[in-house]
Every structure is written in structure tokens, then in C-alpha cells.
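For reference, the structure discussed in these notes is given below.
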There are 2 protein chains.
Amino acid sequence: MAAEALARTLDTAAALCAQRGARLTPQRRRVLEILCRTERPLGAYEILDQLREGSRALAPPTVYRALDFLLEQGLAHRLESQHAFIGCRHPGCAHQSQFLICARCGRVIELSDAGVSERLAMAARARGFEAERPVVELIGICAGCASAEPAPDCPS
Amino acid sequence: MAAEALARTLDTAAALCAQRGARLTPQRRRVLEILCRTERPLGAYEILDQLREGSRALAPPTVYRALDFLLEQGLAHRLESQHAFIGCRHPGCAHQSQFLICARCGRVIELSDAGVSERLAMAARARGFEAERPVVELIGICAGCASAEPAPDCPS
DNA sequence: ACGAGATTGAAACATTATAACGTTTCCAGG
DNA sequence: CCTGGAAACGTTATAATGTTTCAATCTCGT
Ligand SMILES: [Zn+2]
Ligand SMILES: [Zn+2]
Ligand SMILES: [Zn+2]
Ligand SMILES: [Zn+2]
């Protein structure tokens with residue numbers, strides 16, 4: 001994420017937390033910044049490595065606690081299929097997300113497609129199931145990678 | 001799964017594999033049986049524990065290899081949000097599944113809702129994204145648990 | 001029988017995540 | 001200003017999940 005957009009995202013996050021009485025401490029803010037600065041999703045231990053830059057010795061719970069907070073506040077998302085985390089692309093707006101995850105370049109597109117959410121809700125309701133936490137992730141090939149690469153059946 | 005249904009599922013699996021030239025070895029068959037006999041999804045190490053009953057000392061790769069085979073053949077599914085595996089409820093029929101996972105009792109309903117699949121495909125296609133492996137899991141409360149328990153806002 | 005390829009056994013290792021416990025920091029009320 | 005309770009943080013150890021590696025064995029077509 002570009003520097004300006006990053007600053008704006010962090011400001012939005014701070015405002016949201018203030019408004020909710022939640023504390024976006026320096027450490028949590030730092031984790032959010034690391035997440036948002038990166039295009040790709042990051043594993044907890046990758047975040048930890050970046051947090052440690054500057055010779056501080058931090059342990060796994062530190063980063064997992066910060067992530068729990070960010071997930072609760074809707075400032076970050078967990079990609080279950082990747083065991084990784086990503087900064088939310090539109091924090092504040094309550095949203096059910098779907099993720100398009102490129103298996104080649106690792107980039108992620110965060111959607112909030114109402115049609116998909118509705119269909120899922122319908123399917124669940126029809127079985128008397130009350131959905132609380134949807135996990136919708138499509139692993140595949142993004143537009144950029146599809147055009148940059150030869151077709152799957154192209155003779156090299 | 002009841003004994004009869006289990007036997008039928010295993011026979012179907014054997015027939016499918018034979019037809020494809022894939023080898024449903026005793027070990028793989030045993031893992032499939034463990035998966036299908038159980039209502040709930042099972043972690044790899046839970047399966048391993050059951051495989052070991054009879055004092056054999058098996059290592060993790062044994063069960064992961066069997067699971068890889070079953071996943072490839074569409075005889076089992078992996079629940080990404082649970083780090084667990086489940087036997088397919090309708091093997092043979094090519095299908096994209098969605099899973100309703102009860103957070104209370106652990107039971108799983110495997111859907112193959114065409115409307116959901118289509119909506120997802122549309123949303124992806126609109127972004128030039130070619131989905132290869134969909135992960136759709138709704139965590140929530142199943143009908144049985146909802147009726148058995150007091151409402152969330154019920155004063156105890 | 002022979003050999004290529006698939007399957008299995010076994011040990012070590014890598015990665016991801018949490019439990020448990022103590023300390024520090026923050027903030028509201030006295 | 002004190003002070004007590006809650007939230008946040010530090011630290012160690014450990015649980016849970018998944019992979020690499022290499023050697024031994026089995027299967028099947030020739
Ligand atoms: Zn989001
Ligand atoms: Zn890509
Ligand atoms: Zn299935
Ligand atoms: Zn239930």
C-alpha cells in the first residue's frame with residue numbers, strides 16, 4: 001500500500017478505535033501498519049520478524065494478541081486457507097468479505113459481494129443453520145498473472 | 001455414519017478408484033472408513049490415533065499421504081477453518097461444496113448449492129480471476145443446537 | 001524374473017498457535 | 001495525589017499441525 005493510503009488507513013483505524021473505546025496501542029498500530037504496507041498476506045511469524053527489526057526480542061503471543069485485537073475490530077482479516085493475515089481494505093464499513101487469492105503472485109482481492117452473501121445466507125437458512133462467521137476464499141489465478149503467463153496447455 | 005451407509009460409501013469409493021486406475025489400498029481405505037464412521041470432522045492426529053489402535057506405531061506422514069490421496073480423489077474434504085478432515089457425503093458426483101459447521105456440536109453439513117457456486121464464479125470472473133479451489137465454510141449454530149439451547153439473549 | 005514407478009516406514013524437523021504465569025501500564029474513584 | 005482493578009504486555013514453555021528426507025517394500029506390465 002502506498003504511503004499516503006497507508007497513513008489514511010491508520011488514521012481511520014485510530015478514529016474507529018477511539019470511537020469504540022478500544023485502544024489502538026503503538027504495538028497494535030505497528031502490526032496493522034506492517035500488514036497494510038504489504039501487498040501479500042503475512043504469516044504471524046513473518047509479522048513477528050518485522051516487529052523484531054530493531055533487535056527487540058518478542059515472542060509469538062505478542063503478535064497473536066495484536067492480531068486478535070485487529071480481527072475483533074475488523075481492521076484485519078485472517079485467511080484460513082493460507083494461515084495468514086491481511087489488512088482490511090475498507091475498515092469501518094461493516095462487511096462480509098470474500099477473498100480472491102492468487103496462487104501464483106500471492107496477491108489478494110477483498111470483495112464484499114452482496115449477491116454472494118445473500119445466496120450463502122439463503123442456503124444456510126434453508127437448513128435452519130445460523131451462520132456467524134463466513135469463510136469464503138477462492139484460490140486461483142489473478143488477471144495479472146493469467147495475462148503474464150502462457151496458457152496452461154501452451155507448449156513451452 | 002451407519003454401518004450400511006458406510007459399507008455402501010466404501011464400495012462406491014472402491015468402484016470409483018478402480019474406474020480411474022487409482023489404488024484404494026487397505027491403508028487409504030481404512031482412513032476413509034475412520035473419516036466416514038465419524039460424524040464430526042477429524043484432525044490428522046486424531047485419525048492417526050485411531051489408525052494406531054492395535055499397537056502399530058505409525059508416523060504423521062502415513063496419515064497425511066492417505067489424506068492427500070482421498071482429497072485428490074474427491075473422497076474426503078479438508079475443512080480449512082477447522083484444520084480437520086471429513087468424508088465426502090456424495091462421492092463420485094463432481095461437486096463444489098460449501099460446508100455448514102456447527103460451532104457447538106461440531107457437526108458438518110455439506111452442501112453443493114449451485115446458486116452459491118454461480119454467484120462466486122460471477123464475482124471472480126468480473127475481476128478477471130480464475131478460481132481453481134473454492135473454500136466456502138460457514139461457522140455457526142446448527143438447527144439442532146439452536147432448538148436445544150436457550151436463545152442468546154435469554155436471561156438465565 | 002526384471003525394472004520403473006508407486007507406496008510405505010521411520011526419524012527428524014518446520015511451522016503455526018496457545019497455555020500459563022508474572023509484570024507493567026492505564027485509568028477511574030476515593 | 002494514592003490506589004485498586006482491568007487491560008495490555010513480556011516470557012517461557014509447550015501443544016498442535018504439517019513437511020522433508022531417505023530407505024525399504026510392494027505392484028504391475030513386459
Ligand atoms: Zn475487510
Ligand atoms: Zn497473481
Ligand atoms: Zn463432497
Ligand atoms: Zn450443532
Side-chain angles (χ1 to χ4, degrees), chain A residues 13-14 17-18 20-32 34-35 40-52 54-73 75-86 106 133 135 137 139, chain B residues 13-14 17-32 34-35 40-73 75-86 106 133 135 137 139:
Chain A
C17 288
R20 292 169 184 165
R23 291 167 56 193
L24 184 64
T25 62
Q27 187 132 243
R28 291 164 171 173
R29 184 187 163 94
R30 185 122 178 269
V31 169
L32 179 57
I34 289 170
L35 276 179
R40 302 179 309 99
L42 291 175
Y45 282 73
E46 289 181 286
I47 298 170
L48 193 51
D49 286 342
Q50 294 200 35
L51 272 183
R52 278 168 172 160
S55 74
R56 306 180 51 194
L58 298 178
T62 298
V63 70
Y64 279 105
R65 288 194 278 234
L67 286 169
D68 283 346
F69 174 85
L70 296 174
L71 294 178
E72 273 171 22
Q73 299 298 322
L75 299 173
H77 299 293
R78 165 191 219 107
L79 298 179
E80 297 285 354
S81 66
Q82 313 294 114
H83 303 265
F85 303 84
I86 191 171
R133 188 165 74 88
V135 172
E137 304 173 10
I139 294 107
Chain B
C17 288
Q19 173 184 333
R20 293 170 183 166
R23 293 166 55 192
L24 185 65
T25 62
Q27 188 131 242
R28 292 165 172 173
R29 184 186 162 96
R30 185 122 176 268
V31 170
L32 179 58
I34 289 170
L35 276 179
R40 300 179 311 100
L42 292 176
Y45 282 71
E46 288 180 287
I47 298 170
L48 194 51
D49 286 343
Q50 293 199 36
L51 272 183
R52 279 166 170 160
E53 278 175 15
S55 74
R56 305 180 52 193
L58 296 179
T62 298
V63 70
Y64 280 105
R65 288 195 279 234
L67 286 169
D68 283 345
F69 174 85
L70 296 174
L71 294 178
E72 272 172 23
Q73 299 299 321
L75 299 173
H77 299 292
R78 164 189 222 110
L79 298 180
E80 297 286 352
S81 66
Q82 312 295 111
H83 302 262
F85 304 84
I86 190 170
R133 188 166 74 88
V135 172
E137 304 174 9
I139 294 106

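No hydrogens, no waters, no symmetry mates; every other heavy atom, side chains included, goes into these values. By convention in this document, chain letters (A, B, ...) are assigned in the order of the sequence lines, proteins followed by strands, and residues within each chain are numbered from 1. In this text the structure is predicted, and so the values were computed from the model without any measurement.
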Report task. In whole angstrom, give the distance that lies between atom OH of Y64(B) and atom P of dA16(D). Result -> 12 Å
Query raised in the report: Does some side-chain heavy atom of Y45(A) sit less than 4.5 Å from a side-chain heavy atom of V63(A)?
Result: no
Query raised in the report: R78(A) side chain N/O closer than 4.0 Å to the phosphate oxygens (OP1, OP2) of dA17(C)?
Result: yes
Report summary line: Note: for Y45(A) and L58(A) on DNA chain D, the residue whose nearest nucleotide lies more 5' is L58(A)
Requested in this report: Output yes when at least one side-chain N/O atom of H83(A) is less than 4.0 Å from OP1 or OP2 of dT15(C), else no.
Outcome: no
Query raised in the report: What closest approach, in Å, do Q50(B) and L42(B) show between heavy atoms, and which atom pair accounts for it?
Result: NE2-CD1, 4.0 Å
Report task. Begin with the C-alpha distance, continue with both residues' side-chain angles, and end with the deciding distance and a verdict on salt bridge (charged side-chain N to carboxylate O under 4.0 Å, His left out) for R133(A) and E80(A). Result -> CA-CA 12 Å; R133(A) 188 165 74 88; E80(A) 297 285 354; 3.1 Å; yes
Query raised in the report: Has R56(A) got a side-chain N or O lying under 4.0 Å from the OP1 or OP2 atom of dG10(D)?
Result: yes
Query raised in the report: Do L48(A) and R52(A) come within less than 4.5 Å of each other through their side chains, counting heavy atoms only?
Result: yes
Report summary line: Residues in residues 21-29 of chain A with a heavy atom under 4.0 Å of DNA chain D, by number, are R23(A), T25(A), Q27(A), R28(A)
Report task. Would you indicate whether the side-chain heavy atoms of L35(A) and L67(A) approach each other to under 4.5 Å? Result -> yes
Report summary line: Note: S81(A) and V135(B) closest approach over all heavy atoms is CB-CG2, 4.3 Å
